[in-house]
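This report refers to the structure that appears directly beneath it.
Below, all heavy atoms of this structure are taken into account, side chains as well, without hydrogens, waters or symmetry copies. First the proteins, then the strands, lettered A, B, ... as listed; each starts at 1.
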Protein chains: 2
Amino acid sequence: MKKKKEVTIYDLAKELNFSPSTISRALNNHKSIGKKTTKKVQKTAEEFGYRPNALAASLRNNTTKTIGIMMSRINRPFQASLITGIEKTARKSNFNVIITQSDDKYENEVKNAKALYDARIGGLIVSLGMETQDTSHFDQYVKQNIPIVFVDRVPESFNSYRVIIDNYAAGYRATKHLIEQGCKRIAHFAGAQHVNVYHLRKKGYLDAINEHGLQVDEELILDLKTLSFEEGKKATKKLLKLENPPDGIFSANDTAAVSAILYAKEKGIKIPQELAIIGFNDDPISRIVEPTLSTVSHPAIKMGEISTKKILEHATRKLDTAVSEITMLDTEVIVRNSSNRNLK
Amino acid sequence: MKKKKEVTIYDLAKELNFSPSTISRALNNHKSIGKKTTKKVQKTAEEFGYRPNALAASLRNNTTKTIGIMMSRINRPFQASLITGIEKTARKSNFNVIITQSDDKYENEVKNAKALYDARIGGLIVSLGMETQDTSHFDQYVKQNIPIVFVDRVPESFNSYRVIIDNYAAGYRATKHLIEQGCKRIAHFAGAQHVNVYHLRKKGYLDAINEHGLQVDEELILDLKTLSFEEGKKATKKLLKLENPPDGIFSANDTAAVSAILYAKEKGIKIPQELAIIGFNDDPISRIVEPTLSTVSHPAIKMGEISTKKILEHATRKLDTAVSEITMLDTEVIVRNSSNRNLK
DNA sequence: ATAATATACGCAATCGATTGTTGTTTCAAA
DNA sequence: TTTGAAACAACAATCGATTGCGTATATTAT
């Protein structure tokens, strides 16, 4: 178990007859070091294969070039893409990315917040879990001036960066689209209403209905806890049994929308003629299911990029955390066959 | 930008009139510290809200409680699930997980290997990129006795842990299944043949064909570089144009298999009656496409768990890296409608 | 009672980079 | 030639935990 020693600034100092301080500053292009010296040091560092020990620097600076991520579950298309965007952007600036997942359990979220804090992350990117209502587990970050970016599922109020999509407009437009296709009784698979994204989508839905001379029917609005495949199926079943069933469904996610398509088809209902359906997220399945699912697309990778940039700016410029900045991205209604009545 | 100081072992030492060494040892349950002392220290640490500074320990020990992950792309179902398994298992042992993705580019893979090395990770879990043939960028880890686990896409020979599925058997069984359904001319969408998993699946396919009295027809074997949707479609087109088209397809992944289903259906070919199809991976889309796609399931999360356990064992017991241990997991042929001719 | 062995704990160096302070050169202007 | 400023570089403390070695006290055996 012999380990080859790494090259340190002390080795370079000895070689060049400078002090370690000078080496350190030269490597960081500090202005108090002469140009020739700086160049010489960097050249030698290169030759010696010097690689800075980030741990030492982190210990000294009490912060790391690491971004922590908190997600509910990473093996879902949206979240995976979010992480992809984060990781790519972070790595360009030599930041590492630590991930955690909460399984949508509040308890895990609190634990993970602590774990990441202990890892001395330089910034945090969070998409809240379903259960989370209280956000005090993030207070410690604020106290230490560690930047937090909430993405997508964000808290109502928290002095931090927030990167979101315009869920209200998205819900409005998706619903409007169904109305334009001639739907008169549009159902809505809503998510848990204490989660902002679902709340806003529903609000958009409601306003669209009202503003187009249609009637909101509470019977057609189903709050699904997790918007899972099973829940979607059950909900569809319930809707179809109604005396006056809907002729359109706006589902707050694709999973439930797909289950609606499959179940309705099974019951011999024609999509989109008898029942037009639109989902949310533009998951890969939406292109595969038949009929292909109309949906609302999320710029997931971009959201990851933007979130990361916020952190990086903050970390680099050592800004103060007393910011509350909201970046709102646009969504796009993607019309596919499950809602397009003008096809044939 | 005032920062509240964290509690350190020095604070505890002062409080309890012990030396920092004693505190450190007591917190680590070192045997050279008395029982009462240990208990007292731990109690006080708890009261004071002491949280160890992992950076300091890492610097001293020259290793971190962090596992590095190298993947080609994390927003794909299999890889995302793999990471899920890794992260969950790691966190239970207070290890963090750093992820990197190469986009299947060799250059990125080399860069990421360096970046993770610089981060002083305690172990590495890798699924090789498509382009990777040379693995010398991992040599530095071996030299430093840092454990490496290759998962799924592993190198032919490398003195390390490898966690894989039995690709040969999987390919054999998938093909055999098609034969049992009455297929006589079975095509194969093979992946890049320098990647072990695809090579083995093809081998299983070939042997199954031969051992069941069928004829291997090179015309029916298509090496798809990336097994993408587009490639799959093109390949299917080519196959269907053949004078003597196939009556079955075994695709080395689900994406290409799904594209085959969609294209064939578009051309009016009946699945599975005229063309039976089986994929690989059990991606979510396989349950959605119509007909639902038969496939081979990968125990992705479990693979992540096992890989992580290997690392943890190694890190905890400080074993030597001179191991070459292969863990082979079983797969399961999942018969759905795209290949089941006995349905109606 | 004394030597021998445990047991319990402290000293101080160490990991590698950073940085406020201080000291020395260098060069130009007076 | 002197003086002042700017440029350059070194000293030494610091971040917090770990650990080899050494010492002091307690326990046991003889």
- Query: Which nucleotide, dA17(D), dA9(D), dT18(C), lies nearest any side-chain atom of Thr22(A)?
  - Reply: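 Out of dA17(D), dA9(D), dT18(C), the nucleotide with an atom closest to Thr22(A)'s side chain is dA9(D).
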
- Task: Looking only at side-chain atoms of Ile9(B), point me to the closest of dC9(C), dG16(C), dA17(D).
- Result: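 Given the options dC9(C), dG16(C), dA17(D), the side chain of Ile9(B) is closest to dA17(D).
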
Tell me whether the side-chain N/O atoms of [X] come closer than 4.0 Å to OP1 or OP2 in [N].
| X | N | value |
| --- | --- | --- |
| Thr37(B) | dC9(C) | yes |
| Asn61(B) | dT19(D) | yes |
| Ser19(B) | dG10(C) | yes |
| Asn53(B) | dC15(D) | no |
| Tyr50(B) | dA17(D) | yes |

Nearest whole angstrom, please: distance from the [atom2] of [N] to the [atom1] of [X].
| X | N | atom1 | atom2 | answer |
| --- | --- | --- | --- | --- |
| Lys14(B) | dA17(D) | NZ | P | 13 Å |
| His30(B) | dA17(D) | NE2 | P | 17 Å |
| Leu59(A) | dT18(D) | CG | C1' | 12 Å |
| Arg60(B) | dG16(D) | CZ | C1' | 12 Å |
| Ile23(B) | dG10(C) | CD1 | C1' | 12 Å |
| Phe18(A) | dA9(D) | CZ | P | 5 Å |
| Lys65(A) | dA17(C) | NZ | P | 14 Å |
| Lys35(A) | dA7(D) | NZ | P | 12 Å |

- Message: On DNA chain C, does the nearest nucleotide to Leu27(A) precede the nearest nucleotide to Ser32(B) from the 5' side, or the other way round? Give the residue.
- Response: Ser32(B)

- Query: Is the base of dC11(C) touched by the side chain of Ser21(B) through a donor-acceptor pair closer than 3.5 angstrom?
  - Reply: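 Answer yes: a donor N or O sits under 3.5 Å from an acceptor.
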
- Query: Between the side-chain atoms of Arg25(B) and the base atoms of dG20(D), is any donor-acceptor pair under 3.5 Å?
  - Reply: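 Such a pair is found, so the answer is yes.
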
- Message: With no hydrogens and no angle check, just 3.5 Å: does a side-chain donor-acceptor pair link Arg120(A) and Thr66(A)?
- Response: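 Note: Arg120(A) and Thr66(A) side chains miss the donor-acceptor criterion.
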
- Task: Hey, which sits more toward the 5' end of DNA chain D by its nearest nucleotide, Ala54(B) or Lys31(A)?
- Result: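 Upstream on the strand: Lys31(A).
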
- Item | Interatomic spacing from CZ in Arg162(B) to CZ in Phe150(B) - rounded to 0.5 Å | 8.0 Å

- Query: If you measure from OH on Tyr141(A) to OG on Ser160(A), what distance do you get to the nearest 0.5 Å?
  - Reply: 13.0 Å

- Item | Salt-bridge criterion met for Asp118(B) and Lys65(A) (N-O under 4.0 Å) | no

- Query: When you check the gap from the basic side-chain N to the acidic O, do Arg91(A) and Glu87(A) get nearer than 4.0 Å?
  - Reply: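 Yes.
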
- Task: For Tyr10(A), report the nucleic acid contact type (base, sugar-phosphate, nothing); a contact means any heavy atom under 4.0 Å.
- Result: base

- Task: Looking at every strand, decide which applies to Asn17(B) at a 4.0 Å heavy-atom threshold: base, sugar-phosphate, or nothing.
- Result: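 Result for Asn17(B) = sugar-phosphate.
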
- Message: How close do Leu59(A) and Leu55(B) get, counting heavy atoms only, and between which atoms?
- Response: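 Taking Leu59(A) first and Leu55(B) second, the nearest heavy atoms are N-CD1, 4.0 Å.
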
